[in-house]
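Report on one structure; see the data block that follows.
All values reported here derive from a predicted model rather than from experimental measurement. Quick note on labels: first sequence line is chain A, next is B, and so on, each numbered from 1.
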Amino acid sequence: MIGESMYQELILEHYKHPQGRGLREPYDAEVHHVNPTCGDEITLRVKVGDAGKILDVSYEGQGCSISQAAASVLHELTTGSTVEETLSVVDEFTRLMQGRGKIEADEEVLGDAVAFAGVAKFPARVKCALLSWMAYKDAVVRSAER
Amino acid sequence: MTSTSFDVEKIRKDFPIFSRELPDGRPLVYLDSGNSSQKPNQVIDVMREHLALHYSNVGRAMHVLGAESTDAYEGARDKIAGFIGAPSRDEVIFTKNASEALNLLAYSFGNPANTDPRFTIGPGDEIVVSEMEHHSNIVPWQMLAQRTGATLKWFGVTDEGRLDYDPALITERTKIVSITHQSNVLGTVNPVAAVAARAHEAGALIAVDASQSVPHHPVNVAGLDADFVVFTGHKMVGPSGIGVLWGRGELLEAMPPFLGGGEMIEAVWMDRSTYAPIPHKFEAGTPPIVEAIGLGAAADYLTEVGLDAVEAHERTLTAYALEALREVPRLRLIGPDTLEERGATVSFTLEGIHPHDVGQILDDHFGVAVRVGHHCARPLHLRFGIPATTRASFYLYNTTGEIDALVRGLHHVQKVFA
């Protein structure tokens, strides 16, 4: 049963009980990303404080369990860290997702996001997992441009 | 099975794909024929034999293979003409698929080189489609409206998934009405003859997208009273890369060519050309030869089985599926819940579970292949306020046992997400 490894308990938990969901004020940048092949979408806001500390990542979206759970995990992993720290997590997550299931995840860096390792074996679903993470990267860049 | 003449197990033996297993020993439960159908040996063998023993280009080669290939290619046109009851074989135009056929048609309007009033179009003129169309019967008409300043209008869809047919939407300014015969999402069969009568009364032309009907029901183009009918080969047990535009001869003759090139000409000078008569006027370049021949074999196969029998079998499957899906909690059917004027396509949502997750688990755990997403009918999904559906579509080789597998799968999906 291949699918069993994709739908990890942790992913289902985040899907059923998303953390930090909802769009909140104040924010420095807001982005809207869509996945045209499946219609998944996310609107995401970031608020960056002193010394590049991420004060809040808020979001609203619709889509499959993978895309929505990924946004929830993203919220948990980024809030309270610095921009620099979170971007290295994004890079590691991207590397894992694009590894076709053949690379070992760095649990030290990824924390709960390692649960998505199984998704990497399904090329059609990788973009579901990456949707919110790419939106986050975009939002952080835009907030720095302000 | 109610029909004694229809032996589904015998039919399945014609399709070699049903003898394979999926990885991890899962059986294949193929419920995605509305997307593309599987192929019987009768089609595969004809194509293989042509490639192996008769292949050459058509219409121009002065040798034995050229003659054999041309005979087979043009013979396929005869078969398709017979299959859809076309009054003349020259009215059957081979295209790449139904999308190309619709684009060919849309580009026939508003061409400055063509002054036939039936094909002129501009600001104030109207194009009518419906909200349940596949993107291929929406986008080419949007593009025509953008090119010419014409207005695109559409029939809505009722909550039950029926065409919200208002004859008054078609006016004296309407140039073309283009609607689907059977919805690829809802399964709804539309009252095409009534719409055609109204279109003709208003002086408009009517095109019918029969991609989802020709493979499943006996369709007679003369009986539809349409001016144009399009469909595709790969949904009717034929190969991909071949589709059909049927049109009334006098209209096809009045239309400008679509693609220019070899085989579509009569004579060429450096500054101008004259064109071949139909059908070749619309078949520029080397056509999909073996694909057309394969489509002819597909028509033969379906005729041999009998489309009345196919239709009756699919009706049995649809009745069984509608009944079985009613037992699944929190399932919302998108489309008619009765057998009236409906084909064997069943779309639905499961509350709180995204269709992509449904499709993934059905495939991974049960080998059940369905389609998930908006099925190239995004406006229809917007109409129902949903981003996507799960769609099971049945064909002559499906069984009630496969519908049981689908339902078991859906219960498991709900367990995973409980």
Test log, rule side-chain contact (heavy atoms from CB on, under 4.5 Å), inputs A:Tyr7 and B:Val413: CA-CA 11 Å; A:Tyr7 292 101; B:Val413 170; over 6 Å; no
Closest non-hydrogen contact found for B:His356 with A:Arg125 is O-NH1, 3.4 Å
Checking an interface table here. Which of residues 51-73 of chain A come within a heavy-atom distance under 4.5 Å of chain B? A:Gln62, A:Gly63, A:Cys64, A:Ser65, A:Ile66
Please list, in residue-number order, every residue in residues 78-114 of chain A that has a heavy atom less than 4.5 Å from any heavy atom of chain B; write 'none' if there are none. none
For chain B, which residues from residues 127-145 of chain A have at least one heavy atom closer than 4.5 Å to it? none
Highest number of heavy-atom pairs under 4.5 Å with chain A among B:Asp363, B:Val372, B:Ile361 belongs to B:Ile361
Contact list (residues 12-36 of chain A to chain B, heavy-atom gap under 4.5 Å, by number) returns A:Leu12, A:Tyr15, A:Lys16, A:Pro36
Within 6.0 Å of CZ in B:Arg383, more than 12 heavy atoms from elsewhere: yes
